[in-house]
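In what follows, a structure is listed as structure tokens, so that the remarks can point back to it.
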Amino acid sequence: MQVFRAYFKVVRASAGTIALYMFIFLQTAILVSVLNPSGGAGSFEETRTPIAVINRDGGAPLAQGLADYLADTFRLVPFPDDPEKLQDALFWRNVEYIATIPEGFSQAFMAGEEGVAIQKAVVPDSTSSHYVDLRIDKFLNTARLHRDFGAPGVNAPDAQAHLVAAVRKDLSASTPVTVTAGAASDGTVPGYSHYYSFMSYALLAMAMLGISSTMMAFNKAEVRLRNLCTPVSVRRMSLALAAGHGVLAVACWAVLVLFSLVFHGKALLASGRLWLYLVNSLTFAVVATAIGFAVGSFVKSGSAQAGAVNVIALGMSFLSGVFVPQSIMSQSVLAVARFLPAYWYIRAHDAIGALVGGASSGATSVASGAASNALGSIAPYLLIQLGFAAAIFSVTLLISKERQLSRV
Amino acid sequence: MAMHVFSYRLKCLLRDKESVFWTLAFPVLLATMFHFAFGHLMTGEPAFEPIPVAVADGAAYQSNFALRQMLEAVSADGENQLLRLTVVDREQAERMLAAGEVVGVILPGEGSDTGDATSVSLMVTQSGIRQSILKALLDEYLHSYATVSSIAAANPVALFGLIGELGARESYTQQVSFSDVLPDSSIGYFYALLAMTCLYGGFWGMRNTNDLQADQSPQGARRSLAPTHKMAVVLCDWAAALVVSFGEVLAVLAYLAFALKVQFGSQVGYVLLTCAAGCLAGVSVGTLIGTMVRKSEGLKVGILVGVNNLMCFFAGLMFVKMKDIIARNAPVLSYINPAALISDAFYSLYVFDNHRRFFTNIAILCVLSAAMCLVSFMQLRGERYASL
């Protein structure tokens, strides 16, 4: 008990740095989840792509009609006709489509001239650009049909206004859409999913830092020699230290889980996947403990420790797809990442996210009968993580034993 | 004499292995990780993929020639392919939807209360851009239908010509671009990283103040006794820190540009100017913190790292859109944040043709650095110690 208590006295000394990592993590996690609000299921809503419309053909009713139609269909972001601002907006995706109606467009269109076109600045070949293209083309194709085949009156002075009215009437029909439960195969990722993905980084950094700091304190030559003189057996001391490592790692995990409940509690409980996320992250806590143990056994100075913690935590997280989804990483990087435990954490994490039964029907379908099934689907990944932890533990023990013997 | 102080200072700094790790090796490592994580995304957005969709087969679909023709047209192989169409029976289609193999199921003959054979409806599992495209395509079919009806009512004579023209989809959009650059925001990560490297020059500035102030270290006490003019020592130290920092930033820049192929545009001179201004700001921040905080070295390093991390966070190092969010919602913050100014300078060199915004950034950066240096130098100059 004395050793155990001493352990947490040492931890208190490094509590500030551990808290710093947690602060950085929480701040990032909150911002990301605030910026990516969980997609509400239930009724279907058309994506209102943010676009900017620059109408240089201002007075003409046709151009105005098209601009109005786009404003009704998409989310119009008002922007001045300033290339620098527009370029900025497109780069940061504040708008995904900039449509410029050139001067004289309506006149040329009504006259049936060849090659009249709306100028678009887009992210090349992006999905949203195809989407907006569809709507613009349909508007103008419909206008073309009315221009060429409509009632003879279309050549009257207010022809453009008539044309726009006719087109808008045709385009008022809307396909009925029903939403059913199904696999969340694409689209919005709920905030708690981001949280649990990023959490592996924070958990790893915090556990590594805490465990290695205390180990370094206990492994200092003088301290170690002094401790060896005590009537406490080496075995008991090692066990107390091991218990300390375990409690510390679980405490870090529990704090992070607590914050996940604070920020995403309702959504997590509704998804019915909370317990799977808990099992997975607790498994990873074991891995983090093992890595912390290894770092604590091998590093000597505080600066080496800080370097090791940052390089290992950041490096592994980046390579394993903690910050960037694995699905968009290159195959060669992923092939290497298989040799990292965080890769398997994320595999399990993604498998949990892909379980059938989205937010709408999740609670019933996942929680009850499918429970064992769900655990079964991520069990291999959990076992691989535990395997990594066991391997890191044994190699570390072996090497440090070897070292101790050679020192005598 | 000044040369002597300068060259020895240079040696001292370069032998500080730990700081060299943080200011040089760490950014290189981080850049490598960024590269592995999203380096291959540099070419832009993931290209558009045809949307997998299932159609519930049946009498309603087979008899609806117009719908069939439209769907087949947009799922034909080629540059303009929008859909990957599977025609199966309804149960199978719903199973595919539930398994996530298709984005939506098109249900011909459904969706109108009157049981109209020409109606159509869509079944999806969630809202999203791909689902919206599906709906837009089906809307298009309904709209064509409406057009035919209204023209048939108003001008029946034209109907024959109209039917022939109905299938012709003319494209009315034409792509233009403001400049030759790809709008690729992930490049912002690398710019923020380079900004971080510049600001990490603060470690050298702080190290200097530690070795200069008599109450901070024995070296400081010893150097305060030396007959060299204090200002000369301060300036030599400062110059040495700047040289080391600039050298490191150049190394990281070279690594980014040549090994990782990060685009910086073609204006090498201006890129180097940005690096220099960035180092100046970095060293100044370190010097300022080092002179203002008179506590243990650990605390000072902690404050420096915390301040740098916060500035880089707001410049988009951890989340690239952060920089733009700040710039739009709290512009003042991005004008006083050296990290945001540095990465914005790189950004505007890469993206814009004129240099107005670039020089605004550099000017503010220099003013900020000058102010910080001035405050620190005043502080360093006027030091008297009652006892040590």
In terms of side-chain heavy atoms, does A:Asp170 have a donor or acceptor partner in B:Tyr145 at a distance below 3.5 Å?
-> no
Heavy-atom distances under 4.5 Å only: say whether B:Ser171 touches chain A with side chain, backbone, both or neither.
-> both
A:Asp88 versus chain B, heavy atoms under 4.5 Å apart: side chain, backbone, both or neither?
-> both
Checked A:Val336, A:Asp148, A:Asn310 vs chain B; the most non-hydrogen pairs under 4.5 Å come from A:Asn310
What part of A:Leu134 lies closer than 4.5 angstrom to a heavy atom of chain B: side chain, backbone, both or neither?
-> both
With a 4.5 Å heavy-atom cut-off, do B:Tyr189 and B:Leu317 have their side chains touching?
-> no
What residue, out of A:Arg48, A:Lys169, A:Arg144, has the most heavy-atom pairs lying under 4.5 Å from chain B?
-> A:Arg144
Per the side-chain contact (heavy atoms from CB on, under 4.5 Å) rule, which among B:Val102, B:Ile51, B:Val103 passes with B:Leu83?
-> B:Ile51
Of the backbone (N, CA, C, O) and the side chain (C-beta and beyond), which part of A:Tyr97 lies under 4.5 Å from a heavy atom of chain B, both, or neither?
-> side chain
Region of A:Val132 that comes under 4.5 Å of a non-hydrogen atom in chain B = neither
Using non-hydrogen atoms only, which part of B:Ser144 is less than 4.5 Å away from chain A: side chain, backbone, both, or neither?
-> both
Contact part of B:Leu30 toward chain A, heavy-atom cut-off under 4.5 Å: side chain, backbone, both or neither?
-> side chain
Counting only heavy atoms closer than 4.5 Å, note whether B:Glu140 contacts chain A via side chain, backbone, both or neither.
-> both
Greatest number of heavy atom pairs closer than 4.5 Å to chain B - which of A:Asn94, A:Thr73, A:Leu314, A:Val167 = A:Asn94
Tell me, for B:Ile133 versus chain A, whether the close heavy atoms (under 4.5 Å) come from the side chain, the backbone, both or neither.
-> both
Proximal component of B:Lys323, with respect to chain A [non-hydrogen, under 4.5 Å] | side chain
Structural part of A:Ser317 lying under 4.5 Å from a heavy atom of chain B = neither
Using the ring of B:Phe352 (Phe, Tyr or Trp, six-membered ring only), decide whether B:Arg357 places NZ or CZ under 6.0 Å from its centre and within 45 degrees of its axis.
-> no
Of the listed residues (A:Asn141, A:Val333, A:Thr142), which shares the most heavy-atom pairs with chain B below a 4.5 Å separation?
-> A:Asn141
Kindly write out the residues that satisfy ring-ring contact (aromatic ring centres under 6.0 Å, His included) with A:Tyr69, not counting sequence neighbours, or none if the list is empty.
-> A:Phe139
Would you mind checking which part of A:Leu319 comes under 4.5 Å of any heavy atom in chain B, side chain (CB onward), backbone (N, CA, C, O), both or neither?
-> side chain
Side chains of A:Glu96 and A:Ser128: donor-acceptor distance under 3.5 Å anywhere?
-> yes
Using non-hydrogen atoms and a 4.5 Å limit, figure out which bit of A:Val177 sits close to chain B: side chain, backbone, both or neither.
-> both
Main-chain N/O of B:Ile129 paired with A:Thr47 side-chain donor or acceptor, under 3.5 Å = yes
Would you call the rings of A:Phe198 and A:His194 parallel, tilted or perpendicular, where under 30° means parallel and over 60° means perpendicular?
-> tilted
Segment of A:Ala306 engaging chain B (4.5 angstrom heavy-atom cut-off) = both
Aromatic contact, B:Phe203 with B:Tyr200 (centres under 6.0 Å) = yes
Answer with side chain, backbone, both or neither: which region of B:Leu134 has an atom nearer than 4.5 Å to a non-hydrogen atom of chain A?
-> neither
About how many Å separate OG of B:Ser334 and CD1 of B:Ile326, when rounded to the nearest 0.5 Å?
-> 7.5 Å
Which one of A:Ile118, A:Ile136, A:Leu140, A:Thr175 has the most heavy-atom pairs closer than 4.5 Å to chain B?
-> A:Thr175
Would you call B:Asp139 and A:Arg135 a salt bridge, taking side-chain N to carboxylate O under 4.0 Å as the test?
-> yes
OG of B:Ser150 to CG of A:Leu145: how many Å apart, nearest 0.5 Å?
-> 9.5 Å
